[in-house]
Amino acid sequence: MDPYWRKARIAARILLRREQGPLNERDRRLAARLSQDPGVTNRLLDQALSFNIARKNGHRLLDRNA
Amino acid sequence: MVTDFWTETLNLSTPAGMALKKLAAALPQARQFEITIFGSAALQVAVDPKLLSNDVDLFSEAEDLELFVREAGLHQDQSDFYIQVCSGLNFRTSPHWGSRIKSVQYGNCTFHFPHAIDILIAKLNRLEEKDLLAFRVVLAKTGHPTERELIRELQLAVDLFRPSFDEEQGHDLVNNCRRLWPLVFGREIDPRAEIIAPALEERRRGYGEPKRDYKKELRDAAEGR
């Protein structure tokens, strides 16, 4: 997997967890690191958020078994 | 976007047309040639035969075209009405120009004539007095471009408004639009507000740029905010 896409998906999951409540220490450390990563762009984060939300809602077009 | 040619025919009986036919006669018959004509000569052939030009600007992939121009006696140092072999890089106009050309086959040569809107847009780079005249002539003969057409076409060609390279003789399309508009359309124009900004916004929308600053949200999340 593209490393920046992987990082963006991790960052997107952190942002989604943040909406649920305060983040734990690990998430905050990861958020700090990923916010400094120039390869993790706003555009990639936007796509990752949409991706994570869609998969959470059952839309899994990319799954091999779909 | 403008698509249909504003005139019906290409008139090769004009001075420019005659020069092109003379050139075609000098070309080796065993090869096919494709030649694009731009500048005022293209307007003379496609719009108004009375639109005068000193020369015929053209370009082609054929690297030896200048040789045949000389053989036809049409080089600048051979004739008072001559053919100027240019580069495609000299035709600085809308990126859509190739999709709305009119072509005519003459022997083994195909002459391509860009749409008048693309000739006029190219003239906005310099906008000398004769270029202003070209706008007036095309408008008088065809009723085009309307203001709306020209604004839209310039939006679609927004990169022409970028600043010139240091090595270039500067072209200032913003200022040239400001000069042109009152003379042709009777009002002032703010090119940044009416042409550039809407085009850049359309481009941004096309990229799907996110509306949120997620990086800032991540920084805030890291700081517990």
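Per chain, numbering begins at 1; letters A, B, ... match sequence-line order. Since this is a predicted model, take the numbers as computed values, not measurements.
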Atom of B:Leu218, atom of A:Ala31 and distance for their closest heavy-atom approach: O-CB, 3.6 Å

Toward chain B, the part of A:Leu34 with a non-hydrogen atom under 4.5 Å: both

Minimum-distance pair of heavy atoms, taken over all atoms of A:Arg28 and B:Ala221: CD-O, 3.3 Å

Exercise: identify the closest heavy-atom pair between A:Arg18 and B:Arg225: NH2-O, 2.8 Å

Atom CD of B:Glu168: over 12 foreign heavy atoms under 6.0 Å: yes

Minimal non-hydrogen separation, A:Leu45 against B:Lys215, with atom names: CD1-CD, 3.9 Å

Contact origin within A:Leu30 toward chain B - heavy atom pairs under 4.5 Å: neither

Residues, nucleotides or ligands: over 12 heavy atoms within 6.0 Å of B:Arg136 CZ: yes

Shortest non-hydrogen separation from B:Tyr214 to A:Asn42 and the atoms involved: N-OD1, 2.7 Å

Chain B contact via A:Arg43 - side chain, backbone, both or neither, heavy atoms under 4.5 Å: both

Side chain / backbone / both / neither for A:Asp27 at chain B, heavy atoms under 4.5 Å: neither

Considering all heavy atoms, the nearest A:Gln36-B:Arg219 contact: NE2-CD, 4.4 Å

Nearest-0.5 Å distance, CG of residue A:Leu23 to CG of residue B:Asp220: 11.0 Å

